[in-house]
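This report concerns only the one structure given below.
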Amino acid sequence: MLHVYTGLGKGKTTAALGLALRAIGWRKKVLFVQLFKGRETGEKIMLEYLASQGFPISYIQAGTRHFISLEKPKPEEIEIVRRGIKQAFIKIKTFRPDIVVFDEINVALMYNVIDLRHAFELIDECKKMNAEIVFTGRYAPREIIDVADLVTEMVKVKHYFDKGIRARRGIEY
Ligand code: ATP
Ligand code: MG
């Protein structure tokens, strides 16, 4: 099944991580691809720790930012994200995950960092292996929503960002 977690409210990446955690508990193989975030995140520390303890997790980080914001990606960043996607493609074939998360891929599609065509290739590759797929990020493109099996929109009723509270360690990253 293809899940899409989108919208302007908080909880998209958190939901994907919750799903991954649940699957890991059952020793399902999880490939977690985190785009745009390039620095240390709590999830990176924890997923890498679990992998070191023998849980079947593969984590790929491809980004330069500390957290996702709304600005247009810079050329250097575009290159890194594209490389991350290529790496993910190879990993899907070799690691054969049960679940694949592409965190913030919707943002990459919105800014044309990744072609829709490539996203569909990724989806096909995962489907061939019977893997569950998760796409997160604001602004999921129509074309992806159309082919998804589950779409959840996080609605921003309130967000403390609007009163100047920036990303906090352990809460946002
Ligand atoms: P979480 O990772 O907590 O589940 P999310 O994945 O739903 O959140 P993203 O769209 O990835 O949310 O955005 C995360 C970052 O964007 C947060 O660190 C937050 O500080 C920042 N942010 C939130 N609202 C805005 C806004 N209106 N403008 C710019 N940045 C924002
Ligand atoms: Mg996110």
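Sequence positions, counted from 1, serve as the residue numbers for this chain. Ligands are counted one by one from 1 in listed order, and the atoms in each one are counted from 1 as well.
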| message | If I apply the N/O under 3.5 Å rule, does Ile165 come out as touching ligand 1? | response | no
| Of all the atoms in ligand 1, which lie at a distance below 4.0 Å from a heavy atom belonging to Gly9? | 7 (O)
| request: Give yes if a backbone or side-chain nitrogen or oxygen of Lys156 is under 3.5 Å from a nitrogen or oxygen of ligand 1, and no if not. | output: no
| query | Side-chain heavy atoms under 4.5 angstrom apart, residues restricted to Ile, Leu, Val, Met, Phe, Trp, Tyr: same cluster for Val134 and Leu47? | reply | yes
| Minimum-distance protein heavy atom relative to atom 2 (O) of ligand 1 | Thr13 CB, 3.2 Å
| Same cluster (ILVMFWY, side-chain, under 4.5 Å), Leu2 and Leu19 | no
| field | Heavy-atom nearest neighbour in the protein, as seen from atom 8 (O) of ligand 1, with distance rounded to 0.1 Å | value | Gly11 N, 3.6 Å
| Hey, does the Lys NZ or Arg CZ of Arg168 hover above the aromatic six-ring of Tyr160, less than 6.0 Å from the centre and inside 45° of the axis? | yes
| request: Could you tell me whether Asp146 and Arg142 make a salt bridge, using a distance below 4.0 angstrom between a side-chain N and a carboxylate O? | output: yes
| task | Could you tell me the residue and atom name of the protein heavy atom closest to atom 3 (O) of ligand 1, and the distance to it rounded to 0.1 Å? | result | Lys10 NZ, 2.5 Å
| said: I need the nearest protein heavy-atom contact for atom 15 (C) of ligand 1: residue, atom name and distance, please. | reply: Ile68 O, 3.2 Å
| Heavy-atom distance to atom 23 (C) of ligand 1: which of Glu172, Arg166, Arg138 wins? | Arg138
| query | Under 3.5 Å, N or O to N or O, is Lys37 touching ligand 1 that way? | reply | no
| task | Please check if Tyr139 and Val147 belong to a single hydrophobic cluster, counting links between Ile, Leu, Val, Met, Phe, Trp and Tyr side chain heavy atoms closer than 4.5 Å. | result | yes
| request: Verify the distance test for Thr136 against the Mg ion (ligand 2): any N/O/S atom under 2.8 Å, yes or no. | output: no
| field | Salt bridge Glu71-Lys74, side-chain N to carboxylate O under 4.0 Å | value | yes
| note | Per-atom filter on ligand 1: closer than 4.0 angstrom to a heavy atom of Thr14 are 1 (P), 2 (O), 3 (O), 4 (O)
| Of all the atoms in ligand 1, which lie at a distance below 4.0 Å from a heavy atom belonging to Ala167? | 18 (O), 20 (O)
| field | Protein heavy-atom partner closest to atom 11 (O) of ligand 1 - residue, atom, separation in Å | value | Glu104 OE2, 2.8 Å
| Roughly how far, to the nearest 0.5 Å, is the CD1 atom of Ile133 from the CG atom of Leu122? | 8.5 Å
| message | Between Glu104 and Lys12, does any NZ, NE, NH1 or NH2 come within less than 4.0 Å of an OD or OE carboxylate oxygen? | response | no
| Do you know which N/O/S atom name in Glu104 is closest to the Mg ion (ligand 2)? | OE2
| said: Just to confirm my output: which protein heavy-atom neighbour is closest to atom 12 (O) of ligand 1, and how far is it? | reply: Lys12 NZ, 3.3 Å
| task | Please confirm whether Lys37 makes a cation-pi placement over Tyr173, using NZ or CZ under 6.0 Å from the six-membered ring centre and within 45° of the ring normal. | result | no
| message | What protein heavy atom lies closest to atom 28 (N) of ligand 1? Include the residue and the distance to one decimal. | response | Phe161 CE2, 3.2 Å
| said: Determine whether Ile85 and Leu35 satisfy the following criterion, side chain to side chain contact (heavy atoms under 4.5 Å, CB included), listing intermediate values before the conclusion. | reply: CA-CA 9 Å; Ile85 291 288; Leu35 305 175; 4.1 Å; yes
